[in-house]
Each structure stands twice: as C-alpha cells, then as structure tokens.
Amino acid sequence: MPRDRVQIIGQRPASPEAVWAIAGDFCGKWHPAIAGIRAEHDARGSLIRAFTVHGEDTLYREQLTWFSDSDRSLGYTHLEGISGVDRYDGRVTVSGDGAGGSLVEWTADVDAPDATRLAGICQGTKVIFEAGIAALSDRARRHEAVPSRQRSPAPVTFEDISLGSQPRLALTATPRKDGPLCLFLHGIGGGRANWLPQLAAAGTVMRAAALDLRGYGDSTLGAEPSVVDDYCADILRIREALGAERLVLVGLSYGSWIATSFAMRHPDLLAGLVLSGGCTGMSEASHEEREAFRVSRRVPLDAGLAPADFAPDVVKVLAGPNASVEVKEQLLRSMAAIPAATYRDALMCFTDPPERFDFSRLTMPVLMMTGEYDRLAAPDEIRGVATRIHADAALPDLRYETIRDAGHVCNVEQPEAYNRILLDFLGKLPQ
C-alpha cells in the first residue's frame with residue numbers, strides 16, 4: 001500500500017509556552033481553515049474533534065491519541081472525512097529554537113490505496129500545515145496567559161476499611177459515589193498513607209481508595225509467597241467489596257507493575273490506567289539481570305538487617321535533589337515501617353515476573369508520569385514505554401508527563417502538580 005510522510009517545520013518568534021498554549025488546544029478554533037469545531041468523546045472518554053472547513057460541507061473527525069504538556073506534543077488519528085485514505089496519523093510538537101522563539105513541527109503519516117490519491121492527500125495536508133503554523137505566530141502574540149482559577153473542592157472524608165483475612169487487606173477510602181473506583185497502589189518502599197493527597201483529590205471526582213499491599217501497614221501476608229496473580233486477586237476482592245463495576249488503577253513503581261499486570265488480565269474492568277515511576281518492572285529484564293537485582297537487594301536482609309536499617313540509603317536514591325526535609329522524612333517513615341518479611345516477599349515477587357507485557361491489550365485511556373530526577377524510572381525510559389504503548393494499541397489514548405523537580409516518588413514530592421494532571425485525566429472518564 002502506498003505510504004508517505006508530510007513534515008513541515010516552521011520557526012515562530014513567540015515563546016514555546018505561548019505557541020503551545022494555542023497549538024495544545026486540540027479542539028480550539030485557531031486554524032484559519034476551520035469554519036466550526038466542537039469536542040466529542042467516545043465511549044472511553046477519549047477526546048475527538050469534529051470540524052468543518054471553509055468552502056466544504058464535509059464533517060471531519062480526528063481523535064486525540066497522544067498528549068504531553070511537559071513535552072509540548074500531541075498526536076491524533078483521522079476517523080472520518082478524508083475520502084480515499086486508509087490511515088492518517090498526525091503529530092504536532094513545539095520546542096525552543098535557542099533564541100527565545102519556537103520551532104513547530106507538524107507531521108502526518110498517510111496510507112492510501114493508490115499513489116495518485118496519496119499524492120493529492122499529502123499536497124492538501126502540506127497546505128493545511130503551512131497555514132496552521134503561520135497562524136500560530138499571530139495567535140501566540142495575542143495570547144495572554146490568564147491565571148487559572150481552580151475551585152476549592154469540598155473536603156473529602158476518609159474511612160479505614162479492613163477486608164477479610166488470609167490475607168487481611170487494609171484500605172483508606174472516600175465515601176461511596178456512583179461510577180468507577182479509583183484504587184491507588186503504592187511502591188515497594190511505601191504504604192497507603194503516601195497517597196492521602198491524591199485520595200483527597202480523586203475523591204472529589206469518584207470514589208477512591210488506597211490499599212496497603214500484602215504485608216504492608218495493616219494488611220497481612222498470605223499463607224504462601226506472593227505472586228502477581230495474588231495481587232490481581234486482591235484487586236478483584238476490593239472491587240467486589242466496594243461494589244464497583246469498573247476501576248481506575250493508579251500505581252507508583254511496584255504498584256504500576258501490579259496495575260499493568262491487572263490490565264493484561266482484565267482490560268474490560270478498567271476505565272483508566274495511571275502509571276507513575278514505572279510500568280514494566282523486571283518483566284523485560286534478562287534472567288541474569290533479575291537475579292543480580294534480587295541478590296543485591298537481599299544482601300542486607302540476609303545479614304539480618306530490616307528495612308529501617310537501610311532506609312536512609314534508599315531515600316537518597318528515591319528523593320529528588322531538591323526534596324524538602326519533610327518529604328525525605330515521610331519517605332524514611334514509609335520505608336522504615338516495612339517488616340523484613342514483607343520486603344523480602346515483595347522483592348521475590350517483583351523479580352519473578354510471569355510475562356512480558358502485550359501493550360495491545362491496553363484498550364483503556366492510559367496516563368504515564370515520572371519525575372524529572374527519577375533515577376529508577378528516568379523520563380527517557382518511561383517516555384519510550386509510552387511511545388511503545390501508543391504504537392501497539394489499536395486505538396491509543398495515551399498521555400505522558402514529566403513531573404518537574406521530582407524524584408521517584410513524584411506524587412509525594414510534587415502533590416499539586418501530580419494531582420492537577422491526575423484530575424484532568426479522571427475528569428474525562430465516563431462516570
């Protein structure tokens with residue numbers, strides 16, 4: 001099948017921030033060719049722009065498939081309107097030009113049934129892209145940043161819940177609401193208290209709960225060593241006990257790996273998936289790499305030390321360079337509270353993944369975040385995983401963000417930035 005790429009790059013005098021404020025508005029009426037435009041959503045909550053252009057009656061529809069404020073980029077796919085096209089995927093990226101201005105790159109990958117039709121589509125695309133980039137300069141100059149006026153949400157109350165035994169599962173939850181349950185899963189060195197600011201934020205949109213994983217906090221270990229299917233079974237128990245039909249899983253590091261593992265098994269039960277500071281865990285590491293990781297982490301445990309003994313060294317790795325004393329103390333308390341048996345159990349589970357993830361199974365909207373200074377899940381690595389998910393999913397809806405001035409536990413170091421992005425994601429999901 002004939003295939004071609006259109007690529008237009010333009011330099012604009014306005015700053016990248018000013019240009020992105022216009023170009024990043026996927027449903028904004030900023031392009032001079034657009035006669036009318038409206039926002040729509042599909043059954044998943046994915047954003048679609050439906051628009052007409054001057055001089056035509058055709059209704060065009062394009063779906064947002066990739067978005068990143070931190071990278072100043074968005075991607076979209078054509079749904080209807082262009083005749084004789086088999087695939088049309090566009091992307092807009094805004095970057096600095098090194099002199100205070102902007103570089104705008106607009107690309108489209110196009111498939112068509114024959115070379116003649118392909119050439120016509122690409123020529124029309126080139127004209128549209130050039131006109132759009134030219135218009136961005138004027139629009140950006142006239143754009144004035146208006147301070148956002150965020151509503152102060154009503155206070156959210158919490159309740160502690162204990163479910164069953166063998167193992168007992170301990171949660172902190174917000175009051176019941178109709179719609180999905182947002183369930184938070186902490187990292188290998190954390191606990192449910194690490195999620196309290198996010199619990200308060202998410203609880204304004206939907207019911208939310210933070211879980212102590214097996215052996216952590218007030219939860220107990222099972223009778224046998226934990227495997228990832230045990231964690232997935234725990235999530236199903238919580239779903240049933242709290243009466244939720246669908247879930248939004250929010251994970252951090254180890255919790256992100258568990259959340260993705262659940263998504264592999266039960267994609268139909270997820271309204272959304274939020275992965276922070278990780279995704280694949282050790283699932284793509286070689287046997288030798290997994291064994292080296294396991295042995296190095298077991299050394300202090302085998303020497304009779306508890307997590308409290310080596311917590312200060314772990315916090316040095318977890319925290320960003322500008323983390324406050326209060327943040328470091330919170331991370332230290334979380335790590336120090338973990339029993340040695342729990343840490344060993346989680347370590348053995350983490351380093352014995354049963355599968356390599358098939359990202360085509362991620363049919364739900366996905367949000368990925370990581371800290372700017374994350375040593376364990378660096379932005380380049382997580383952005384790369386996000387790009388792979390975007391490429392493998394049949395109809396992706398993926399957002400990636402780098403949380404500025406944060407280390408590995410980005411939700412603890414920068415709760416306001418984290419919550420702002422999380423609430424934007426949760427707010428678009430069907431309730």
Side-chain angles (χ1 to χ4, degrees), residues 69-70 150 152-153 155-156 158 170-172 174 182-204 208-213 216-218 250-259 274-279 297 300 306-339 342-343 346 367-379 381-382 400-425:
D69 256 333
S70 57
Q150 296 187 353
S152 297
V156 175
F158 298 149
L171 306 100
T172 298
T174 63
C182 184
L183 181 61
F184 294 89
L185 308 173
H186 62 76
I188 203 168
R192 74 184 196 261
N194 291 153
W195 289 114
L196 290 180
Q198 286 72 48
L199 203 60
T204 65
L211 169 68
D212 273 334
L213 297 173
Y216 289 81
D218 296 321
V250 183
L252 187 285
S253 192
Y254 186 48
S256 290
W257 174 64
I258 293 171
V274 181
L275 308 173
S276 323
C279 169
R297 267 56 174 188
D309 299 312
F310 50 84
D313 291 332
V314 173
V315 170
K316 290 178 183 178
V317 175
L318 297 180
N322 302 312
S324 67
V325 172
E326 292 76 16
V327 164
K328 292 178 182 178
E329 288 177 347
Q330 181 179 350
L331 297 178
L332 186 65
R333 288 193 301 271
S334 297
M335 186 72 190
I338 304 170
T342 295
Y343 194 75
L367 167 62
M368 301 188 74
M369 295 183 274
T370 202
E372 178 183 8
Y373 300 118
D374 194 328
R375 298 179 179 90
L376 304 179
E381 175 191 345
I382 302 306
Y400 166 80
E401 300 293 351
T402 300
I403 305 296
R404 295 193 60 182
D405 200 20
H408 187 56
V409 194
C410 53
N411 67 299
V412 172
E413 285 199 46
Q414 298 294 342
E416 290 186 4
Y418 189 99
N419 288 356
R420 184 174 61 252
I421 298 167
L422 177 64
L423 286 176
D424 188 52
F425 179 80

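Everything numeric here is computed off the predicted structure, so don't read it as measured data.
Residue I382 holds its CD1 atom at 14.0 Å from CD of E401, rounded to the nearest 0.5 Å. S253 contributes atom OG, which lies 9.5 Å from atom CD1 of I258 (distance to the nearest 0.5 angstrom). Rounded to the nearest 0.5 angstrom, F184 CZ and L171 CG are separated by 12.5 Å. Taken to the nearest 0.5 Å, the CD1 atom of I403 stands 3.5 Å off from the CD1 atom of I421. Taken from CG in L376 to CG in L318, the straight-line distance is 6.5 Å, to the nearest 0.5 Å. The structure places CG of N419 at 8.5 Å from CG of N411, a figure rounded to the nearest 0.5 Å.
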Does the pair L252 and W195 meet the rule for a side chain to side chain contact (heavy atoms under 4.5 Å, CB included), with working shown? CA-CA 10 Å; L252 187 285; W195 289 114; 3.5 Å; yes
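Between Q414 and D405, some side-chain heavy-atom pair lies under the 4.5 Å cut-off. Counting heavy atoms from C-beta outward, M369 and V274 have side chains that approach closer than 4.5 Å. In this structure, C182 and V250 have side chains that are in contact, with non-hydrogen atoms separated by less than 4.5 Å. Residues C410 and D374 form no side-chain contact, since every pair of their non-hydrogen atoms from C-beta on lies 4.5 Å or further apart. A heavy-atom distance below 4.5 Å is not found between the side chains of R192 and Y216. Here the side chains of L367 and D424 are not in contact, with every heavy-atom distance at 4.5 Å or above. Using a 4.5 Å cut-off on side-chain heavy atoms (C-beta onward), Y418 and E413 make no contact.
Nearest heavy atom pair, residue L275 against residue A259, reads CD2-CB, 4.1 Å. Smallest separation of non-hydrogen atoms from P197 and P415: CB-CB, 4.2 Å. Listed here is the closest heavy atom pair of A311 and A336: CB-N, 4.2 Å. Of all the heavy atoms in V412 and V327, the pair that sits closest is O-CG2, 3.9 Å. Of all heavy-atom pairs spanning V156 and T204, the tightest one is CG2-CG2, 3.7 Å. A pairwise comparison of heavy atoms in A346 and Y254 identifies O-OH, 3.4 Å as the closest pair.
Although no hydrogens or angles enter the test, the distance criterion places no donor-acceptor pair under 3.5 Å between the side chain of S276 and the main chain of T370. Within the 3.5 Å criterion, the main-chain N or O of G191 finds no donor-acceptor partner in the side chain of S334. In terms of modelled atom types and a separation under 3.5 Å, the side chain of D212 and the main chain of D218 share a donor-acceptor contact. Using a distance-only test at 3.5 Å, with no hydrogens or angles considered, a donor-acceptor pair links the side chain of S256 to the main chain of G251.
With no hydrogens or angles considered, no side-chain donor-acceptor pair links E372 and T402 at under 3.5 Å.
More than 12 heavy atoms of other shown residues, nucleotides or ligands fall within 6.0 angstrom of atom CZ in R375.
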